[in-house]
Asks: 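Handing you a structure now.
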Protein chains: 2
Amino acid sequence: MSTTAPVRPSAARERILETAFALFYAHGIRAVGVDRIIAESDVAKATFYKHFPAKDDLVVAYLDKVDGVWTGQLHEAAAAAGPDPAAQLVGLFDALRASCRREGYRGCAFINAAAESQPGTAVHDRTVAHKTAVLSWVHELAERAGARDPGALARTLTLLLDGGLASGSLDASPDAPDAAKASARALVDVATRTDGRG
Amino acid sequence: MSTTAPVRPSAARERILETAFALFYAHGIRAVGVDRIIAESDVAKATFYKHFPAKDDLVVAYLDKVDGVWTGQLHEAAAAAGPDPAAQLVGLFDALRASCRREGYRGCAFINAAAESQPGTAVHDRTVAHKTAVLSWVHELAERAGARDPGALARTLTLLLDGGLASGSLDASPDAPDAAKASARALVDVATRTDGRG
DNA sequence: CATCAGATAGACAGATCTGTCTATCGTTAC
DNA sequence: GTAACGATAGACAGATCTGTCTATCTGATG
């Protein structure tokens with residue numbers, strides 16, 4: 001029993017973060033007060049402010065958590081497409097489809113957070129950092145796929161991805177992710193063709 | 001002088017809407033209180049609530065205004081590309097580039113509003129209505145361009161557009177709109193090619 | 001047993017938010 | 001001139017928000 005003691009990142013903190021994860025995403029950041037998070041995570045107010053001195057600290061931690069989850073899904077979807085980098089560039093769009101189909105889907109948490117924050121703040125910076133990381137990961141994939149212009153291909157694919165994420169919650173029809181994937185396939189194909197007909 | 005009397009949509013109302021337009025877009029909807037709008041538009045509180053019984057009514061009017069402006073820019077950019085519908089489908093992306101370059105650009109007002117509202121509310125519905133209208137306009141253009149699958153092409157192009165709008169404010173580099181336009185050209189080309197090689 | 005860190009409950013302060021209400025002032029129309 | 005209307009200034013209510021603080025409890029470690 002005492003074996004797992006050293007690794008205990010505070011159950012209360014974990015509960016707060018879990019509650020914030022659900023509430024911030026479902027209702028927006030400003031719409032959810034710390035009082036509600038405190039109540040729903042069964043935590044004392046002093047405990048909350050001990051772990052997160054200000055609400056924005058919690059928001060950044062929330063974005064860190066979303067980053068971990070979403071990046072993981074992206075990588076898994078890419079890996080599931082097999083070893084070929086070009087196929088992975090297409091396969092990652094399966095993560096988009098899965099997300100959009102999820103109950104309570106409400107768009108990209110980062111774009112949403114950016115909509116509620118100002119440039120120069122820690123929250124906004126965290127959003128930019130996430131988008132930059134995704135772009136550079138796709139870029140690397142595009143390079144390994146042998147794209148003629150990996151930068152342009154990566155840019156286009158992330159645009160499609162962001163568009164799908166953003167409009168996925170504004171659109172009843174579920175064909176947006178499919179359209180995104182189909183276009184991604186066409187664009188990857190054109191960008192990696194070697195016969196010069198691209 | 002009495003000639004223009006019948007058409008006087010209240011100067012105070014216009015001032016309120018103008019102020020809301022600037023503040024809501026720059027700071028987000030929840031971040032701007034009605035008190036601030038009242039103060040900066042030099043209007044009495046009773047006047048404000050006479051024209052907009054609740055804040056949400058002003059938000060919807062704000063989105064109406066944005067819709068008018070943005071749709072106009074979109075149509076103008078398309079028209080500037082000439083009479084060919086296929087060229088217009090590509091040309092409309094010039095509106096994206098112009099928007100992203102504008103000082104104080106902070107993404108798509110509709111996506112931002114959706115991030116701060118709940119499905120089922122008037123504000124959220126207004127956002128969906130805008131996106132639907134843009135999609136059907138692009139769809140019509142795609143049909144006139146003779147696309148094999150106008151629905152798929154329209155969907156893809158609006159995804160690119162939304163992606164550009166959403167990430168335009170999260171990205172220091174200004175090449176996103178150019179990449180979107182280049183991809184749009186490639187996709188339109190493939191979708192309207194008649195030699196069956198698409 | 002003693003100590004100390006982390007958690008708890010909740011009062012409190014100060015700001016801010018939406019929305020209501022009263023009382024007054026000009027201007028226009030009849 | 002007078003009635004009606006739009007606008008003004010600003011007090012007010014009631015809720016909610018972030019953040020602080022005190023006092024107490026619990027459980028593990030020395």
Side-chain angles (χ1 to χ4, degrees), chain A residues 1-20 22-24 26-63 113 115-118 121-124, chain B residues 1-20 22-24 26-63 113 115-118 121-124:
Chain A
M1 295 299 173
S2 64
T3 56
T4 57
V7 187
R8 197 175 39 127
S10 173
R13 194 195 133 99
E14 232 30 56
R15 238 154 47 222
I16 294 168
L17 205 44
E18 202 68 40
T19 306
L23 291 181
F24 281 160
H27 303 284
I29 292 168
R30 280 194 113 100
V32 177
V34 294
D35 276 350
R36 181 166 177 195
I37 294 174
I38 286 165
E40 294 200 18
S41 50
D42 261 318
V43 144
K45 204 159 196 178
T47 306
F48 175 91
Y49 278 102
K50 180 167 208 75
H51 289 294
F52 305 101
K55 186 186 178 182
D56 269 5
D57 295 320
L58 175 60
V59 176
V60 171
Y62 152 70
L63 291 178
E116 296 196 72
S117 64
Q118 292 282 46
T121 62
V123 172
H124 197 273
Chain B
M1 295 297 169
S2 64
T3 57
T4 57
V7 187
R8 196 174 42 124
S10 172
R13 194 194 134 101
E14 237 22 62
R15 238 154 47 222
I16 294 168
L17 206 43
E18 202 66 40
T19 307
L23 291 181
F24 280 159
H27 303 284
I29 291 168
R30 280 194 114 98
V32 177
V34 294
D35 278 349
R36 181 167 177 194
I37 294 175
I38 286 165
E40 294 199 17
S41 50
D42 260 318
V43 143
K45 204 159 194 176
T47 306
F48 175 90
Y49 277 102
K50 181 168 208 75
H51 289 295
F52 305 100
K55 185 185 178 181
D56 268 5
D57 296 319
L58 175 61
V59 176
V60 171
Y62 153 70
L63 292 178
E116 294 197 74
S117 64
Q118 291 283 43
T121 62
V123 172
H124 197 273

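Treat the numbers as computed from the prediction; the structure is a model and nothing was measured. Lettering of chains follows the sequences in order, A, B, ..., and the numbering in each one begins at 1.
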Asks: Can you tell which of C:dT20, D:dG19, C:dA7 lies closest to the side chain of B:Tyr49?
Replies: C:dT20
Asks: For B:Arg15, answer base if it contacts any base atom (sugar-phosphate contacts may also be present), sugar-phosphate if it contacts only those atoms, and nothing otherwise; contact means non-hydrogen atoms under 4.0 Å.
Replies: sugar-phosphate
Asks: Taking all non-hydrogen atoms of both residues, which atom of A:Arg36 and which atom of A:Leu23 are closest, and how far apart?
Replies: NH2-CD2, 3.7 Å
Asks: Is any side-chain nitrogen or oxygen of B:Ser10 closer than 4.0 Å to OP1 or OP2 of D:dA7?
Replies: yes
Asks: If you define the side chain from C-beta out and look only at heavy atoms, does anything of B:His27 sit under 4.5 Å from A:Gln118?
Replies: yes
Asks: How many Å lie between CG on B:Asp56 and P on C:dT18, as a whole number?
Replies: 10 Å
Asks: Hey, does A:Leu58 have a side-chain heavy atom less than 4.5 Å from the side chain of A:Phe24?
Replies: yes
Asks: Round to the nearest Å and state the distance from B:Glu14 atom CD to D:dA7 atom P.
Replies: 12 Å
Asks: Give the rounded distance in Å between these two atoms: CD1 of A:Ile38 and C1' of D:dT16.
Replies: 13 Å
Asks: Looking at B:His51, does any N or O in its side chain come under 4.0 Å of the phosphate oxygens OP1/OP2 on D:dG6?
Replies: no
Asks: Which nucleotide, D:dT18, C:dT22, C:dT8, lies nearest any side-chain atom of A:Ala46?
Replies: C:dT8
Asks: Could you tell me the separation between the CZ atom of A:Phe48 and the P atom of C:dG10, rounded to a whole number of Å?
Replies: 18 Å
Asks: Taking C-beta and beyond as the side chain, do B:Arg13 and B:Thr47 meet within less than 4.5 Å on heavy atoms?
Replies: no
Asks: Roughly how many Å is it from NZ in B:Lys50 to P in D:dG6, rounded to a whole number?
Replies: 6 Å
Asks: In whole angstrom, what separates A:Arg36's CZ from D:dG19's P?
Replies: 18 Å
Asks: Hey, is the side chain of A:Lys55 pairing donor to acceptor with the base of D:dG19 inside 3.5 Å?
Replies: no
Asks: Between B:Glu116 and B:Gly28, is there a donor-acceptor pair closer than 3.5 Å when you use the side chain of the first and the backbone of the second?
Replies: no
Asks: Using OP1 and OP2 only, check whether a side-chain N or O of A:Thr47 sits under 4.0 Å from C:dA9.
Replies: no
Asks: Rounding to an integer number of Å, can you tell me how far B:Phe52 CZ sits from C:dT20 C1'?
Replies: 18 Å
Asks: Return the value, rounded to whole Å, for the distance between atom CZ of A:Arg30 and atom C1' of C:dT18.
Replies: 15 Å
